Amino acid sequence: MQISMPIRTPSLVSRRRLLEEKLIGLHKWTDLKQVKQVHAQILKANLLQDLSVAPKLIAAFSLCHEIALAVNVFNQIQQPNVHLYNTLIRAHVRNSQPSQAFATFFEMQSKGVYPDNFTYPFLLKACSGHSLYPMVQMIHTHIEKFGFCSDIFVPNSLIDSYSKCGSFGVNVARKLFMVMGQRDVVSWNSMISGLVKAGELGEARHLFDEMPERDTVSWNTILDGYVKAGEMNKAFELFEKMPDRNVVSWSTVVSGYCKAGDMDMARMLFDKMAVKNIVPWTIIISGYAEKGMTKEAISLYDKMEEAGLRPDDGAVISILAACAESGLLGLGEKVHASIKRTKFKCRTSVSNALVDMYAKCACLDKAYSVFDGMARRDAVSWNAMLQGLAMHGHGEKALQLFSRMNEEGFAPDKVSFISILCACSHAGFVEEGLQYFYTMERDYGIIPEVEHYGCVIDLLGRGGRLKEAFRLVQSMPMESNAIIWGTLLGACRMHNAVDLAGEVVDHLIKLEPSDVGNFSMLSNIYAAAGDWDSVSNVRLQMRRIGIQKPSGSSSIEVDEEVHEFTVFDKSHPKSDKIYEMIDRLVQDLKQVGYVPKAYQ
DNA sequence: ATAGGGTTAG
């Protein structure tokens, strides 16, 4: 290598040549420190205005998630060309800021710089990550007007973007695919992947069979189709007869078994993998975490780090989400520690995942400290924090945060209102909650959805205003669902409204005929009212229908082990002793004046 | 072009 040759006094020319050699791979660098060093060297050598150097620097900053630095470099260039604009558009896309990407596109046009074959695919990528159907259409119009369809790369991107915009988009993609004069393997793969995403597995399989030639990506795509449809037998059959299997193929089946809850099979395949990158580790760790198998999840996380793999943003977000769902504080803290070891600041979505995890694990102070330390917050950050406060009964604090959100200029969205209404109902602020519900549409232009009605029904129900709640269910502009009736049933139990409960359960069993929870709730209500005939009647009904579906469960983490339990749970070997203990506790509670809502 | 990716009422 020339670089390692001893050079004592490099002339300006050779120094410049050395720098140029370094710059060849610059656009792929991910180490911010190194990129900053080279940036300084470029400035010193007066190379920044060189239009083959600046795009590489922008790309490198973008790969380090330093979009501000990338924009800064761009703004210093006196005469940006298409290539430079394309690089900035790509940087915005990578940073999940489609609106910035489009702003750059419009600026470029106003400066008289014409887009090229690369501009449109980048812009289309910006849309497909966010399903911006109208934007895809707009670009499509541009492309047809300027006639860029000759390059197969462009129509392929169109098919990919359209097919990621819901079922209507898939139709457009299908038509484009049909009229394409020339197709390569990417065209076929894009179309098949779109059909798989839209749930059209049959048609996807048909195209797969018709393809003139298939590569590993084609096989992986159709394999994922079976995995997404939950058809693990067919998926595994396909996996075994694939001509070539790569990391993606293996990861796909491992993920399928995780989703199906077959952790043994998932683990067996995972252990068999010869080549592993961060993705399969993420899949298996999240899989264990989701099932509450803390020990396995933590031990694999340690093994992953021992193997020298650092979790990237995707891994962190995915594992933290699984921790949040199952309440695995221990693993969540471990992930947080890994982040703190390697990064000074995280991307907004990573901090959001941390806030959500801490909030769901009831560590509200830690959630708050991450939230307060964030450089930039988006709607998700506010909503995760609001929801955490609401969920754990801190109604007052949730409302305070809601005001702060408004003061700082963040418009609450429909999710924020779910949290606010939930906060009011858990804190017993019935009138305030109703007022917030009314302001939604009036002041913020957000049309209440079934979830919001659900919160208000809970609000009224908990507040004892059962009749109003019931009337609201009947007068809402949309169909009621099992969650709504379940909410109402919970309220009936709380206020011993026996007659109404029977009526509610009638609706409920039509929607969830095999859910034990509904029956046990009804039986509790009759028991609380001392109506033992009705209790045995419900029991009889339960047996007649035959209950297959397990009811909802609660879980608690003790000594790094998650314990899960359901209503009437008798599965624990010491369950007699446990119920004895509960009896004693209830007796003690009664002595100090507690009246149990349902007890038998 | 294919695998993992924050917030949503009981």
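Source: prediction; values computed, not measured. Just so it is clear: chains get the letters A, B, ... in the order the sequence lines come, proteins before strands, and each one is counted from 1.
- Atom P of nucleotide B/dG4 and atom CG of A/Leu269 are separated by 16 Å, given to the nearest angstrom.
- Heavy atoms of A/Ser251 sit under 4.0 angstrom from at least one base atom.
- Annotated as anti: B/dG5, whose glycosidic dihedral deviates from 0 by more than 90°.
- Among the nucleotides B/dG6, B/dG4, B/dT2, the one closest to any side-chain atom of A/Ser318 is B/dG4.
- Side-chain N/O atoms of A/Asn383 and base N/O atoms of B/dG6 include no donor-acceptor pair closer than 3.5 Å.
- Residue A/Asn277 contributes atom CG, which lies 9 Å from atom C1' of B/dG4 at whole-angstrom precision.
- For A/Asp160, taking side-chain heavy atoms from C-beta onward, the closest of the listed nucleotides B/dA1, B/dG5, B/dA3 is B/dA1.
- For A/Lys125 and B/dA1, the shortest distance from a side-chain N or O to OP1 or OP2 is below 4.0 Å.
- Ranking B/dA9, B/dG6, B/dG4 by closeness to the A/Asn352 side chain, first place goes to B/dG6.
- Dashed line: the shortest gap from a side-chain N or O of A/Lys360 to OP1 or OP2 of B/dT8 is under 4.0 Å.
- Looking only at atom types and distance, the side chain of A/Ser286 has a donor-acceptor partner in the side chain of A/Ser318 under 3.5 Å away.
- Within the nucleic acid shown, A/Asp184 has no heavy atom closer than 4.0 Å to any nucleic acid atom.
- For the pair A/Asp215 CG and B/dA1 C1', the interatomic distance rounds to 8 Å; values are reported in whole Å.
- Here B/dG4 is the nucleotide among B/dG4, B/dA3, B/dA1 with the atom lying nearest to any side-chain atom of A/Ala315.
- Rounded to whole angstrom, the span from the CG atom of A/Asp356 across to the P atom of B/dG6 amounts to 10 Å.
- Within the 4.0 angstrom heavy-atom criterion, no nucleotide atom of any strand lies near A/Gly490.
- Distances shown here put every side-chain N or O of A/Lys197 at or beyond 4.0 Å from the OP1 or OP2 atom of B/dA1.
- For A/Asn246 and A/Thr216, the side-chain atoms include no donor-acceptor pair closer than 3.5 Å.
- Between B/dA3, B/dG5, B/dA9, one nucleotide has an atom nearer to the side chain of A/Ile484 than all others, and that is B/dA9.
- Out of B/dG5, B/dA1, B/dG4, the shortest distance to the side chain of A/Ser193 is found at B/dA1.
- Among A/Phe239, A/Trp188, A/Phe208, A/Tyr226, the single residue meeting the ring pair (Phe, Tyr, Trp, His ring centres under 6.0 Å) criterion with A/Trp219 is A/Phe208.
- Going from atom CG of A/Asn189 over to atom CE of A/Met191 covers 12.0 Å, rounded to the nearest 0.5 Å.
- Rounded to an integer number of Å, the gap from A/Met391 CE to B/dA9 P is 9 Å.
- Nearest nucleotide to the A/Ile483 side chain, out of B/dG6, B/dG10, B/dA3: B/dG10.
- Nucleic acid contact class of A/Ile283 (heavy atoms, under 4.0 Å, all strands): sugar-phosphate only.
- Contact check, A/Lys414 against B/dT7: no side-chain N or O comes under 4.0 Å of OP1 or OP2.
- Taking 4.0 Å as the cut-off between side-chain N and carboxylate O, A/Asp372 and A/Arg404 count as a salt-bridged pair.
- Within the nucleic acid shown, A/Glu451 comes within 4.0 Å of at least one base atom, counting heavy atoms only.
- Counting non-hydrogen atoms under 4.0 angstrom, A/Ala482 reaches a base of the nucleic acid.
- Side chain of A/Val217, nearest nucleotide from B/dG4, B/dA1, B/dA3: B/dA1.
- As a whole-Å value, the separation of A/Ile284 CD1 from B/dA3 C1' is 13 Å.
- Comparing atom distances between the A/Val380 side chain and each of B/dT7, B/dA3, B/dG4 picks out B/dT7 as nearest.
- Contact annotation: A/Lys164 side-chain N/O to B/dA1 OP1/OP2 distance is not under 4.0 Å.
- Residue contacts shown for A/Arg347 include a base, since a base heavy atom lies under 4.0 Å away.
- Here the options are A/Tyr453, A/Tyr438, A/Tyr444, the test is ring pair (Phe, Tyr, Trp, His ring centres under 6.0 Å), and the partner is A/Phe417; only A/Tyr444 passes.
- Look at CG on A/Leu300: it is 18 Å from P on B/dG4, rounded to the nearest Å.
- In this structure, the nucleotide among B/dT8, B/dA1, B/dG10 sitting nearest to the side chain of A/Asp458 is B/dG10.
- Contact annotation for A/Thr252: backbone-only contact, meaning every heavy-atom pair under 4.0 Å involves sugar-phosphate atoms and none involves a base.
- Within the 4.5 Å cutoff, no side-chain heavy atoms of A/Glu296 are placed close to those of A/Met263.
- Atom CZ in A/Phe270 sits roughly 18 Å away from atom P in B/dA3 (whole-Å rounding).
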